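Data first, discussion second: the structure below is written as structure tokens.
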Amino acid sequence: MRYWLLKSEPDAYSIDDLAREPTKSTGWTGVRNYQARNFMRDQMAVGDLAFFYHSNCDEPGIVGVVKVAKKAYPDPTQFDAKSKYHDPASSRDDPRWLHVDVKFVKKTPPVSLAELKKHRALAKMRILQRGNRLSITPVDPAEWEFILGLMDRA
DNA sequence: GCCAACGTTGGC
DNA sequence: GCCAACGTTGGC
């Protein structure tokens with residue numbers, strides 16, 4: 001099993017939105033980046049765990065943990081003409097965009113981006129690299145454990 | 001709101 | 001296949 005970090009803008013979809021339906025499997029819709037799609041398609045397995053990260057907000061950082069609940073399948077929003085994720089170039093025969101389902105695990109003490117930057121053990125995280133915009137990134141097991149440790153201390 | 005970094009598009 | 005132009009992301 002692998003570990004991941006999933007970004008979401010809390011204005012669009014926050015950890016609280018997910019926590020509101022703790023038993024439900026929620027489609028991680030709207031990913032329109034090939035690298036991120038490929039992570040979901042090729043590497044994400046049911047049971048994988050991911051940090052839920054709030055981006056583009058007052059206090060960017062990790063705010064929870066989620067679990068992959070269903071392996072990659074076509075993202076329905078690409079076929080929905082009313083969706084802002086609509087992709088007219090994609091067809092049902094050959095869907096361009098796939099996504100996994102996730103399930104709420106827990107909210108965690110927030111670990112801010114500023115906090116993550118303080119630790120040498122995390123220096124290689126994709127999220128901390130300059131100019132990084134990928135909304136889905138792998139997290140090393142050692143990094144995962146380290147961040148859980150930060151939460152325990154909080 | 002600014003702007004650097006990045007991905008995508010499309011003309012050639 | 002190159003690369004300039006454009007749109008988006010996301011921290012600040």
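Every chain is numbered from 1, with letters handed out A, B, ... down the list of sequences. Since the model is a prediction, treat every value here as computed from it, not as a measurement.
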Describe, in one word, how the ring planes of A:Tyr73 and A:His99 are oriented to each other, choosing from parallel (under 30°), tilted (30 to 60°) and perpendicular (over 60°). tilted

Rounded to the nearest 0.5 Å, how far apart are OH of A:Tyr3 and CG of A:Asp48? 9.0 Å

Decide yes or no on salt bridge (Lys or Arg N to Asp or Glu O under 4.0 Å) for A:Asp75 and A:Arg32, but give the supporting numbers first. CA-CA 10 Å; A:Asp75 177 344; A:Arg32 295 294 179 268; 3.1 Å; yes

First encountered from the 5' end of DNA chain B, between A:Asn56 and A:Tyr34: A:Asn56

Short side-chain N/O contact from A:Lys7 to OP1 or OP2 of C:dT9, under 4.0 Å: no

Separation of B:dT9 atom P from A:Arg96 atom CZ, nearest Å, is 7 Å

Using atom NZ of A:Lys84 as one end and atom P of C:dT9 as the other, report the distance to the nearest whole Å. 7 Å

Any side-chain N or O of A:Lys117 under 4.0 Å from OP1/OP2 of C:dC12? yes

Rounded to whole Å, the CD-C1' distance (A:Glu9 to C:dT9) equals 8 Å

Give the rounded distance in Å between these two atoms: CG of A:Leu134 and P of C:dG11. 13 Å

Separation of B:dT9 atom C1' from A:Arg32 atom CZ, nearest Å, is 17 Å

Quick one: are A:Ile147 and A:Met125 in side-chain contact, heavy atoms under 4.5 Å? yes

Once you round it to whole Å, what is the distance between C1' of C:dG10 and CE of A:Met125? 16 Å

Integer-rounded Å distance: C:dT8 P and A:Asn33 CG: 14 Å

At less than 4.0 Å, is any side-chain N or O atom of A:Tyr53 found next to OP1 or OP2 of C:dT9? Yes or no. no

Return the value, rounded to whole Å, for the distance between atom NE2 of A:His54 and atom P of C:dG10. 13 Å

